[in-house]
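So that the names make sense, note that chain A is the first sequence line, chain B the second, and so on, each numbered from 1.
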2 protein chains.
Amino acid sequence: MKTKSKSQRVYDYIEELVISGEIKPGERLPSEAKLGEILNVSRVSVRAGIEKLSAIGLVRKKKGGGTYVNKPASDNYLSVFTPTLLHNTDYLELLEVRRALDSLSVQLCAKNITEAGLRKLNEILREMEKLSEEDDFFVLDKKFHLLISKYSKNRFLHNVHLIIWDVIQKALRANYYQVTNRDRIGEHRKIVEAIENQDQDLAKIYTVRHLEEIIDTFVCVYNQESHQEAIRTKK
Amino acid sequence: MKTKSKSQRVYDYIEELVISGEIKPGERLPSEAKLGEILNVSRVSVRAGIEKLSAIGLVRKKKGGGTYVNKPASDNYLSVFTPTLLHNTDYLELLEVRRALDSLSVQLCAKNITEAGLRKLNEILREMEKLSEEDDFFVLDKKFHLLISKYSKNRFLHNVHLIIWDVIQKALRANYYQVTNRDRIGEHRKIVEAIENQDQDLAKIYTVRHLEEIIDTFVCVYNQESHQEAIRTKK
DNA sequence: TTTTATAACTTGTATTATAACTTATTTCAA
DNA sequence: TTGAAATAAGTTATAATACAAGTTATAAAA
């Protein structure tokens, strides 16, 4: 029989308090000192347990103010997954998943989009046209696709998209792949037009095509690189 | 300008080491004392940062032995997280995402499945037929679909599926919804047959149908419940 | 060479102290 | 009585030190 560590006991105790509803989102946990008293452990162990809970986003700590149970659906919920997913992720695999999920979200978006949402999409398109720097394009690209997934009105789907774009962003930073975005703006515009007409099928078609263009570009660049790598190794 | 906490600096530093590949899965981190020296912080702060990383499963601590970077896709590395997702997730939204992702994974699976994989799938089918308890069915159901996603050979997709099934499992435990699985076995068998014939399209069709059956059942049960709820409220 | 004992190292927990920040209370002036 | 400012009390963040408990590397012995 393996004995639980003290910090784990703290973790379990608080998790139970939250899941059982004894402490509701927005409410404050007992102070670290009090928890230590209750569970008969030192403040060090209490802090270790709480640290974990805050890492997974169940609670939020406020220096000097206490520790609070998080309201669900705070934006940073899923971002904790990123590092784990990242160092295992082949970018092509991720794009394959995106093709499936973007198809779904654009369909739902075409059904549920509002006037305000459409204005925002068109605004992003205009900003894209004004750009020259490749880096800034990424920011708009991310904003564009996350906006679509947001208007899918499926929060779980949106959350998964948040993970994905977080991974993409970090992959970019880590230079795991190179992007050449050429003329993606036209593809984006077609998608928006289809959404405007609430044509779910067409929106899906354009989105799949968009993703496949991205995949092709990536595969192309990737092959070039490994080719050059092979040449370098020969020398 | 908000200054980062020291524990966050530790967190970021180690995350960077892992993402950049400087420390690879399975390798050991510098000791807490050494990290504190490097970053010029106390061991308390180092431990706080590492605690978070271990909560999200990026690293694994071994008392007396050191802290190691986790190999990705270790079975337990997502489970810590789920309670947060849970009370925010509408089950229907999740099923909608599953429909999209299961379609993809079954297609890839039909392409990439091995003899051994097929044997395992058929074995699960046989076990399902022998069952009576509803609870045990869930375990097999989960195993079945995760096996398919595993043989998609897309690790990112598989990871997302791991998250999803973890959420489903906890939702079950928390009685957020009721399941009535009736005759899902036949649907499973058709999917396996399509995979055996490496017929990607057919496998996809059966999977979509399977998911839509599940959705229908859920909607049906859900409506009944809210109906009864309405009656209770009236009294 | 293999086994065993030892030493060095590493994480887990406890204690104490102080800094930095937040919240509740009290005090004082208008 | 009200409102603002000052104060006190409470809370998390960090540090330093100590020791327990487990692991790993090294040295000694068979």
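Atom CD of E37(B) is separated from atom P of dT14(D) by 19 Å (rounded to the nearest Å). Rounded to an integer number of Å, the gap from R43(B) CZ to dT11(C) P is 7 Å. Rounded to an integer number of Å, the gap from R47(A) CZ to dT15(C) C1' is 15 Å. Distance, N40(B) CG to dA15(D) C1': 12 Å, rounded to whole Å. Spacing between atom CG of L29(B) and atom C1' of dC9(C) amounts to 16 Å, rounded to whole angstrom units. Atoms NZ (K63(A)) and C1' (dT12(D)) sit 8 Å apart, rounded to a whole Å. The distance from atom OH of Y68(A) to atom P of dT22(C) is 11 Å, rounded to the nearest whole Å. dA13(D) atom P lies 14 Å from atom CD of E51(B), rounded to whole Å.
The shortest heavy-atom contact between K6(B) and V41(B) is CD-CG1, 3.7 Å.
With dG12(C), dT13(C), dT24(D) as the choices, the nucleotide that has an atom nearest any side-chain atom of S7(A) turns out to be dT13(C). Nearest nucleotide to the side chain of S31(B), out of dT14(D), dT10(C), dT15(C): dT10(C). For S45(B), counting side-chain heavy atoms from C-beta on, the closest listed nucleotide (dT11(D), dT14(D), dA14(C)) is dT14(D). When each of dT24(D), dT13(C), dT12(D) is scored by its nearest atom to the side-chain atoms of K62(B), the top-ranked nucleotide is dT24(D). Checked against dA15(D), dT12(D), dT13(C), the side chain of K6(A) finds its nearest nucleotide in dT13(C). For E32(A), counting side-chain heavy atoms from C-beta on, the closest listed nucleotide (dT23(C), dT12(D), dG12(C)) is dT12(D).
Dashed line: the shortest gap from a side-chain N or O of R28(B) to OP1 or OP2 of dT10(C) is under 4.0 Å. For K61(B) and dG12(C), the shortest distance from a side-chain N or O to OP1 or OP2 is below 4.0 Å.
For R126(B) and E123(B), the salt-bridge test passes: some basic side-chain N is under 4.0 Å from an acidic carboxylate O. Salt bridge present: K61(A) and E51(A) bring a charged side-chain N and a carboxylate O closer than 4.0 Å.
Side-chain atoms of E27(A) come within 3.5 Å of backbone atoms of K24(A) as a donor-acceptor pair (strictly under, hydrogens ignored).
If you find the closest nucleotide of DNA chain C to K34(B) and to S42(A), the one lying nearer the 5' end belongs to K34(B). Nearer the 5' end of DNA chain D, as judged by each residue's closest nucleotide, is the contact made by G64(A), out of V41(B) and G64(A).
The closest side-chain heavy-atom distance from H161(A) to S105(A) is below 4.5 Å.
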